[in-house]
Each structure stands twice: as C-alpha cells, then as structure tokens.
Amino acid sequence: MLFFLYTIGCQMNEYDTDVYRHFLYQYGFQSTEDPYMADFIMVNTCAVRDKSIKKAVSFLGIAAKIKKEKPSLIVALTGCASTLILEELKNSSYIDFVWGALNQTEIPNKFSALLAKKGFQKTDKVQTQHSVHFTKELPIIFGCDSFCTYCIVPYLRGHEKSLPKDYLLSELDKAALAGYKEVLLLGQNVNHYGSDLDPSLTFAGLLQIMAGTYPAIRFDFLTSHPKDFDIQILRVMQNNPNIYRHFHLPAQHGDNEILQKMNRGYTKEEYFELITTIRSFFPMATLSTDLIVGFPGETDTAFGHTLDLIETVQFDMIFAAQYSKRPGTPAEAFPDQIPETTKRERINTLLEAQKRISKINNRRWIGRRCKLIITGKDQEHHFFGKTEEEKTVSIVSDSLVIGSEVSALITKIDNGSLIAEAWSL
Ligand code: SAM
Ligand code: SF4
Ligand code: F3S
C-alpha cells in the first residue's frame, strides 16, 4: 500500500503532515513520489494566500481523476484551508477524510478511525523510509493571538495554546534517542510561549532548559515576532553555543503608517533597534524576514520605505509576498487596494534589490573559519553543511559523514553559494 502526501504552507503544516505520515507507516503503508501509484492521497492545505488555495484545488482535481480510475483510492483533505476549499468545490464526494487545522490533538483518534474503517490494521513491522534522522520539528505553541489585519491564520488555527514543558522534554528525549541532530521549535509567535501555562514559563526559560539539557542537539526557532522579542533570549543564546545564531524576524513592512494598519505593534525604528541589539550580541548573526508588498494604501513612498528597510538591515534572506485579500480579515475591507500589476512590479523590484544585498552579504564570509555540521550530499560528492549562524555552505570531500561536525574555511562564492574547504588546526 502506497501513500502520497502533498503539503502546502508553513512548517506547522509540514509538522502535521509528519503526524499523518507516522500513522500511515504504522498501518503498513510506504511512501511513493507518484500520486498515480498511490492508494492514499492527502493534500494538507494552506490558506495564507489565494494562490495556496488554487494550488490545492488544482491538485484535488488530479486526485479526483485518479479516483475515477481507481475507486479504492482514499483521498484526504486536511490543513488550514479545508473548510474554504470544501465551500469552493462543486463536487467533494470523492474526498474520504476532512480535518482542519484546529484540534490537532484529535488527529490521531480521527485518523486511526478512518484507517480502521477502511479495513487497515496497525502492524508491528513499521518500516519508515527515513534513514538519517536530522531535523525534528517540534511545535511548542499552537494558534496565534496577534491578529495582524491581513492574516487569516488566527481564525483558522485558533487561540494560542502552549504545550507543557514536560511533554516537550519527553519529545526531546525521544528525538535524542532516535539520533536527531537538530530540533526546530515552532510557533506562529514563539516569543509568546508559556504565558498560558501554570506555572508560567517564558520562551527564554524554555530555551535554556532545552539547550542546557541537550548540548549535543542544535536548536533553532521559528517565528519570532518583533513586538514580543525578549532580550533574555539573546542571553540564553550567549550561554548555549548549540542554539543557531539565526533570527527569522518578519518585519512585513518598512513604513510606520502601514505597520500600524497591519496591527504589527512596532515601528520601523523599534525594529532597527532590535536588529542593532541582536548584532551587538552576535555580529555575524544570520537575519531573515518576511515582507508584504501591495498592502492596501501602500503608496510609492511607503513601498520605498520597505526598500530602505532591507538596505539598512542587509538581511541574508527575505521571503516576499504580494498582499492577498483574505476572507474575514479586517484588511479585506480596507480602501485603496493595490492593483495586481503594481504588486508584481514592486515585488520584482524588492527581490532584485535583495539579490544584490545577499551577494554583498555573502562576501563577508570569505576567509572565515567555521564549524560546520554536515547536513546532506549531492551526487557529485558535494556535501552541504551549516555554520553556527545557519548559513548553508557547500564543501567538496570524499570522506564526510552526514551529521558530523567539521572545521572548514570558506574560500569563495560560486553561483551565489558559499564554498568551503575542510580545515584542521
Ligand atoms: N507568524 C509569523 C509572523 O508573524 O510573521 C508568520 C506566519 S504567516 C503564516 C507567514 C507569512 O505569510 C507572513 O509572515 C506574511 O508575510 C505572509 N502573509 C500572511 N498573510 C498574508 C496575506 N494576506 N497576503 C500575503 N502574505 C501574507
Ligand atoms: Fe499571522 Fe500575524 Fe499571527 Fe503571524 S503573528 S500568524 S502574521 S496574525
Ligand atoms: Fe501555515 Fe498556511 Fe496555515 S502558512 S498556519 S499552513 S494558513
């Protein structure tokens, strides 16, 4: 029995897909790269932009066609956009299982019930196809209470709910035993972790416990909200070299008026101040951000402020998106919506500017010695590794092992990638 899982959206969705994958393995399924070979197809959907919904609807069309030829095929629709998509589909009778992004803790029971109903039984001979355990994704907080005016996530994923520290530590025990090398802590706003727990715990407090208890595991976290970022996190990072010096801090915009309309809770000056503080702790820190272009009311001047922002900060990477009207969000009804052509022009300008900045930014790495963790390999003996700042580096060697650590000297940039040679002192 073969399964094909199609995931759209963020790491939270990737994590949810993993929960389903784990179940399918337990019920004796194996994965396939070809949906036409599959006995089970799942599309785990995202609603953050209209484009993500269109992607899912178009894939469901393929699933419906396959099911016509193979009526025993099981089709599952899961994730943030499930309800929106069901409303949009004219015929959804070929879909066997629907589950949204709320009530994740109920997924195991609901999903097992479906598999049992379809005549599948749990097997002892679980054969996962993962040979190397590298990154364990671990949500620490579900939901979002920030209610940015453009964003549909809080309506689909519900209120914030922190996972108890003891549960998280037991998950880390399992990850360490299974040989995972790094753990990515997830949440829409990890900085809000723990205020709903009794006794309460801060994100910095949790990070200290985790990184201190598991010094052999490298930790990373996504996403930090600039309005709630706590300087204690930097102190914890300073005390624990096993936390990546990488900060994903979505700025969303560089114009104060737009930031206010977005309900982001900070000004661009406060954002700059935070970046300066981070760099005073970690001068080589890797910085990435999310930016939206074409938010309602964005004038040329306001867009220019976003360009100024990326020039000032000199991010390593940006994720830019054209504003997409989301049903039920306040910004849907804002006046002065921006034409699609203008949004396209602006995003191209932004991406071009960032290309240049990334190039300049990469140059400061040449001649640096660093400790790399080897994360993967291509067919031509090019290994890939990550620095402590989570910069990806390519290294040519016959003898490296995935998961090992190596000292390396970054020697050049080739096609935008940092290239290193193994280095021993
Ligand atoms: N919680 C994170 C934060 O506060 O930045 C991000 C989560 S959101 C799922 C991922 C990104 O999608 C956001 O950072 C934002 O840039 C983008 N996004 C959200 N709603 C959007 C919309 N309506 N149109 C375009 N991009 C959007
Ligand atoms: Fe959406 Fe804002 Fe919550 Fe991020 S913080 S998920 S952008 S509402
Ligand atoms: Fe993620 Fe998309 Fe849902 S970005 S939280 S999968 S709407």
Side-chain angles (χ1 to χ4, degrees), residues 6-18 43-56 77-85 99-102 104 137 139-161 185-193 221-229 247-254 258-259 261-266 271 288-296 298 306 309-310 315 317-334 337-338 340 343-344 346-347 350:
Y6 181 42
T7 311
I8 306 166
C10 65
Q11 254 113 348
M12 278 295 198
N13 255 17
E14 295 285 350
Y15 170 80
D16 291 344
T17 297
D18 261 351
V43 48
N44 197 5
T45 60
C46 167
V48 83
R49 283 177 282 274
D50 191 44
K51 237 189 192 161
S52 346
I53 301 220
K54 291 214 165 80
K55 230 167 151 181
L77 169 65
T78 58
C80 295
S82 315
T83 323
L84 290 172
I85 287 173
W99 198 255
L102 285 174
Q104 276 108 328
E137 294 181 344
I140 58 167
I141 178 166
F142 290 132
C144 181
D145 286 339
S146 291
F147 289 94
C148 304
T149 54
Y150 51 81
C151 185
I152 198 167
V153 171
Y155 308 93
L156 300 172
R157 289 214 168 231
H159 282 297
E160 286 174 355
K161 193 173 180 329
L185 305 175
L186 293 175
Q188 294 302 344
N189 178 358
V190 289
N191 311 133
H192 257 184
Y193 175 81
F221 50 89
L222 276 180
T223 298
S224 295
H225 197 309
K227 76 175 158 65
D228 299 311
F229 193 93
F247 300 84
H248 182 62
L249 274 166
Q252 308 298 1
H253 215 276
I258 300 256
L259 283 171
K261 283 193 197 157
M262 286 178 158
N263 189 30
R264 286 295 287 178
Y266 52 86
Y271 187 86
S288 53
T289 199
D290 294 350
L291 293 164
I292 295 178
V293 302
F295 185 79
E298 184 190 66
T306 294
L309 177 104
I310 66 164
F315 291 103
M317 212 191 302
I318 65 165
F319 299 89
Q322 299 175 47
Y323 169 69
S324 169
K325 249 190 193 185
R326 304 319 296 131
T329 58
E332 186 193 13
F334 283 3
Q337 298 281 335
I338 307 296
E340 294 304 315
K343 288 184 200 169
R344 250 194 315 275
R346 287 182 182 166
I347 201 167
L350 187 63

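Sequence positions, counted from 1, serve as the residue numbers for this chain. As the structure lists them, so they are numbered: ligands from 1, and atoms in each ligand from 1.
- The distance from ligand 1 to the heavy atoms of P250 drops below 4.0 Å at these ligand atoms: 3 (C), 5 (O).
- The shortest N or O to N or O distance between Y150 and ligand 1 is under 3.5 Å.
- Side chain to side chain, H159 and D145 meet the donor-acceptor criterion of an N or O pair below 3.5 Å.
- With hydrogens left out, the protein atom closest to atom 19 (C) of ligand 1 is V48 CG2, 3.3 Å, a heavy atom.
- C80 is not listed as a side-chain neighbour of V153, based on a closest heavy-atom distance of 4.5 Å or more.
- Residues Y323 and P296 form a side-chain contact, since some pair of their non-hydrogen atoms from C-beta on lies under 4.5 Å apart.
- In terms of protein heavy-atom proximity, atom 17 (C) of ligand 1 is closest to R49 NH1, 3.5 Å.
- Here R264 does not pair with D290 in a salt bridge; the nearest charged N to carboxylate O distance is not below 4.0 Å.
- Between E298 and K343 there is no salt bridge, since none of the side-chain N atoms of the basic residue sits less than 4.0 Å from a carboxylate O of the acidic one.
- For the pair Q188 and ligand 3, a heavy-atom separation below 4.0 Å is found.
- With a 4.0 Å heavy-atom cut-off, ligand 1 is reached by no atom of T329.
- Interatomic distance, CD1 of I318 versus CG of L309, reported as 9.5 Å (0.5 Å rounding).
- Between V43 and I8, some side-chain heavy-atom pair lies under the 4.5 Å cut-off.
- Side chains of Q188 and H225: no donor on one and acceptor on the other come within 3.5 Å.
- Interatomic distance, NZ of K227 versus OG of S146, reported as 3.5 Å (0.5 Å rounding).
- Contact atoms of ligand 2 toward H225: 5 (S) (distance under 4.0 Å to a heavy atom of the residue).
- For H248 and F221, the ring centers sit 6.0 Å or farther from each other.
- A pairwise comparison of heavy atoms in G100 and S82 identifies CA-OG, 3.8 Å as the closest pair.
- Listed by chain and number, the residues in a side chain to side chain donor-acceptor pair (under 3.5 Å) with Q252 are Y150 (sequence neighbours excluded).
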Going through the checks in order, is the side-chain hydrogen bond (donor to acceptor under 3.5 Å, both in side chains) test met by T7 and N13? CA-CA 7 Å; T7 311; N13 255 17; over 6 Å; no
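- The backbone N or O of T78 lies less than 3.5 Å from a partner atom in the side chain of T45, making a donor-acceptor pair.
- Contacts between R264 and ligand 2, counted as non-hydrogen atom pairs separated by less than 4.0 Å, involve the side chain only.
- In this structure the side chain of R326 never reaches within 4.5 angstrom of the side chain of E332, judged on heavy atoms.
- D228 and N189 share a side-chain donor-acceptor pair at under 3.5 Å.
- Proximity to A321 (heavy-atom distance under 4.0 Å) selects the following atoms of ligand 1: 26 (N).
- From the protein, the heavy atom lying nearest to atom 11 (C) of ligand 1 is D290 OD2, 3.6 Å.
- Among protein heavy atoms, the minimum distance from atom 7 (C) of ligand 1 is reached at Q188 OE1, 3.1 Å.
- Across R326, Q11, Q252, heavy-atom proximity to atom 15 (C) of ligand 1 is greatest for Q252.
- Contact of the Y266 side chain with the L259 side chain is registered, since non-hydrogen atoms from C-beta on lie closer than 4.5 Å.
- Residues meeting the salt bridge (charged side-chain N to carboxylate O under 4.0 Å, His left out) test with D50, sequence neighbours left out: K54.
- Note on atom 1 (Fe) of ligand 2: protein N/O/S atoms under 2.8 Å are C151 SG.
- Looking only at protein heavy atoms, the nearest one to atom 25 (C) of ligand 1 is Q322 O, 3.4 Å.
- At least one heavy atom of V153 sits closer than 4.0 Å to an atom of ligand 1.
- Among protein heavy atoms, atom 24 (N) of ligand 1 sits closest to S324 N, 3.0 Å.
- Contact analysis puts R264 in contact with ligand 1, with a non-hydrogen atom separation below 4.0 angstrom.
- Looking at I292 against ligand 1, only its side chain comes within 4.0 Å, counting heavy atoms.
- With waters neither drawn nor counted, the protein N/O/S atoms under 2.8 Å from atom 3 (Fe) of ligand 3 amount to 1.
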